[in-house]
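As the structure lists them, so they are numbered: ligands from 1, and atoms in each ligand from 1. Along the sequence shown, residues carry numbers from 1.
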Amino acid sequence: MRRVYLDNNATTPVLPEVMEAMRPYFGEHFGNASSIHHHGQETRAAVERARESVAALLGCRASEVVFTSGGTEADNLAVFGLARAGDHIITSTIEHHAVLNACRHLEGKGSEITYVPVDGRGLVDPTDVKRALRPNTRLITIMFANNETGVVQPVAEIGKIAAEADVYFHSDAVQAAGKIRVDVNEIGCDLLTISGHKLHGPQGVGALYVRKGTEVEAMLHGGSHERSRRAGTENVPGIVGLGKAAELAIAGLERGDGLGTNNQKMDNQRMAAARDRLEKELLKIEATGLNGEGAPRVPNTTNIYFDGIDGEALVIALDLKGLAVSTGAACSSGAIEPSHVLTAMGLRSGHAKASIRFSVGKQNTAEDVEFALALIPETVSRLREISPIYYGVAKAQK
Ligand SMILES: Cc1ncc(COP(=O)(O)O)c(C=O)c1O
């Protein structure tokens, strides 16, 4: 059976170039990057090359990149590494759980947290952030691009507010890196998170940008790895893979050609064109709507509600026919509650539960989009035929 994967915000396949770059570090180059002999020197050099590549992607110095086990750890390191007892933190209602639950955890221990709302388009208003500032505000943590809707937040404006107030600013850029330009100086942030597996690198590796002079308290205690900011023997193959993925992401952003000579694959512009075609055609289906309409969005994501449909049922029905999409964050799959992101945007529970996220990756082809378009309308109408809710809605609208 043909299988098409349009769930690239959950994870992306490792690109062949990334795999090739990693391969020697599972075999002949196996040294511990902290060892002083030849084997260690070899892997140390590879780790430092990867650090340069990640720094180039983010517009920072290599010494400001801390490798972690992924986006979750980097988000946690930013929040727990900066917050002290009695501090106030400003975040938003639509953050990934890696930030939201870290903040909730601190709240349970006595920190004060302000969760700024978003409007119907899914956008944080920077004036709400400014209004939330208090004398004891230590950290503002607002994501760059939302994982469910792709909506891009006004991070540069928030960065200015943070700088004026002399408050640290962290941004979770996991869903922005590789899709749009991410430059820490343009954003004006002190900390920024990325994750390998969201930009065609491997799972289980990520990085936190830590602006020079920012004192982040380590969460893991052990050796003095990563300049004592993150103890633990480096995941050399993972880090090398992240470095290569960062190089390819830069190429994709600069030249619109992230994949070298392989023109079967999608570059960033074609990825955007594919998303746009998918979105335009799906919105022709009756009783559908775009979540995040009118807001700036990353070029690969569209989140659409199909009135009267249970999103999970649609995901399963499409999967049975070979198409992989999702109702939202993979880590919330199976949750009974509707998405916290969509409800924060004011969607009523019915619409939130009827919403599907489609996310395109660089491996997808234009034919993949046609495959999806051949399946989705008929599957939606079949599900609606057996949906008491849909006919209820349709009748009520008459
Ligand atoms: C916005 C955002 N932040 C953080 C994470 C967590 O990253 P990781 O899966 O590398 O822990 C994700 C992954 O879903 C994400 O989408």
Side-chain angles (χ1 to χ4, degrees), residues 5-14 18 54 57-58 65-81 91-105 118 122-124 141-153 155 170-180 182 187 189 191-209 219-220 230 232 235 238-239 241-243 245-246 249 292 297-298 300-303 324-335 339-342 344-345 357-361:
Y5 181 81
L6 292 180
D7 194 18
N8 290 274
N9 285 10
T11 197
T12 51
V14 167
V18 172
V54 170
L57 179 67
L58 304 180
V65 173
V66 178
F67 289 117
T68 66
S69 65
T72 300
E73 188 191 323
D75 282 344
N76 274 244
L77 181 56
V79 174
F80 295 124
T91 188
S92 81
T93 47
I94 55 151
E95 296 302 305
H96 188 271
H97 283 113
V99 166
L100 217 43
N101 285 345
C103 288
R104 286 192 187 129
H105 182 79
V118 292
L123 278 171
V124 168
T141 170
I142 306 276
M143 71 197 327
F144 198 151
N146 183 266
N147 45 305
E148 294 190 29
T149 59
V151 170
V152 175
Q153 300 301 325
V155 281
H170 165 248
S171 188
D172 175 340
V174 164
Q175 296 288 352
K179 297 171 189 164
I180 53 172
V182 176
I187 301 164
C189 58
L191 302 139
L192 181 134
T193 297
I194 65 163
S195 171
H197 73 111
K198 309 290 184 174
L199 67 154
H200 296 279
Q203 297 173 349
V205 65
L208 182 67
Y209 154 73
M219 283 196 304
L220 299 181
R230 200 274 182 187
N235 165 9
I239 290 170
L242 174 57
R297 288 178 295 139
V298 285
N300 81 316
T301 310
T302 186
N303 191 309
V325 296
S326 72
T327 50
C331 39
S332 305
S333 292
S339 144
H340 71 285
V341 175
L342 300 180
M345 288 163 66
R357 175 184 72 184
F358 304 88
S359 46
V360 179

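Judged purely by atom type and a 3.5 angstrom limit, Arg230 has no side-chain atom pairing as donor or acceptor with the backbone of Met219. With hydrogens and angles ignored, the 3.5 Å screen pairs no side-chain donor or acceptor of Thr193 with any backbone N or O of Asp172. Of the possible donor and acceptor atoms, one in the side chain of Ser359 sits under 3.5 Å from a partner among the backbone N and O of Asn8. Side chain of Asn146 to main chain of Thr149: a donor-acceptor pair is present (N/O by atom type, distance under 3.5 Å, no hydrogens or angles). A donor-acceptor pair is defined here as one N or O able to donate and one able to accept, closer than 3.5 Å; such a pair exists between the side chain of Gln175 and the backbone of Asn9.
Considering backbone and side-chain N/O atoms, Asn9 never comes within less than 3.5 Å of an N/O atom of ligand 1. Here's the thing with His96: one of its N/O atoms is less than 3.5 angstrom from an N/O atom of ligand 1. Between Ala145 and ligand 1, a contact under 3.5 Å exists for no N or O pair.
For ligand 1 and Met143, the ligand atoms under 4.0 Å from any heavy atom of the residue are 1 (C). Annotation for ligand 1: atoms under 4.0 Å from non-hydrogen atoms of Asn147 are 1 (C), 16 (O). Residue-ligand proximity, Asp75 to ligand 1, at heavy-atom distances under 4.0 Å covers atoms 3 (N), 4 (C). Every atom of ligand 1 with a heavy atom of Gly70 under 4.0 Å away is listed here by number and element: 10 (O).
Side-chain contact check for Glu95 and Thr141: no donor-acceptor pair (N or O, by modelled atom type) lies under 3.5 Å.
At a heavy-atom cutoff of 4.0 Å, ligand 1 is contacted by the side chain of Val174 but not by its backbone.
Looking at His197, Gln175, Glu95, His97 and measuring to atom 9 (O) of ligand 1, the nearest heavy atom belongs to His197.
A pairwise comparison of heavy atoms in Thr72 and Ala98 identifies CA-CB, 3.8 Å as the closest pair.
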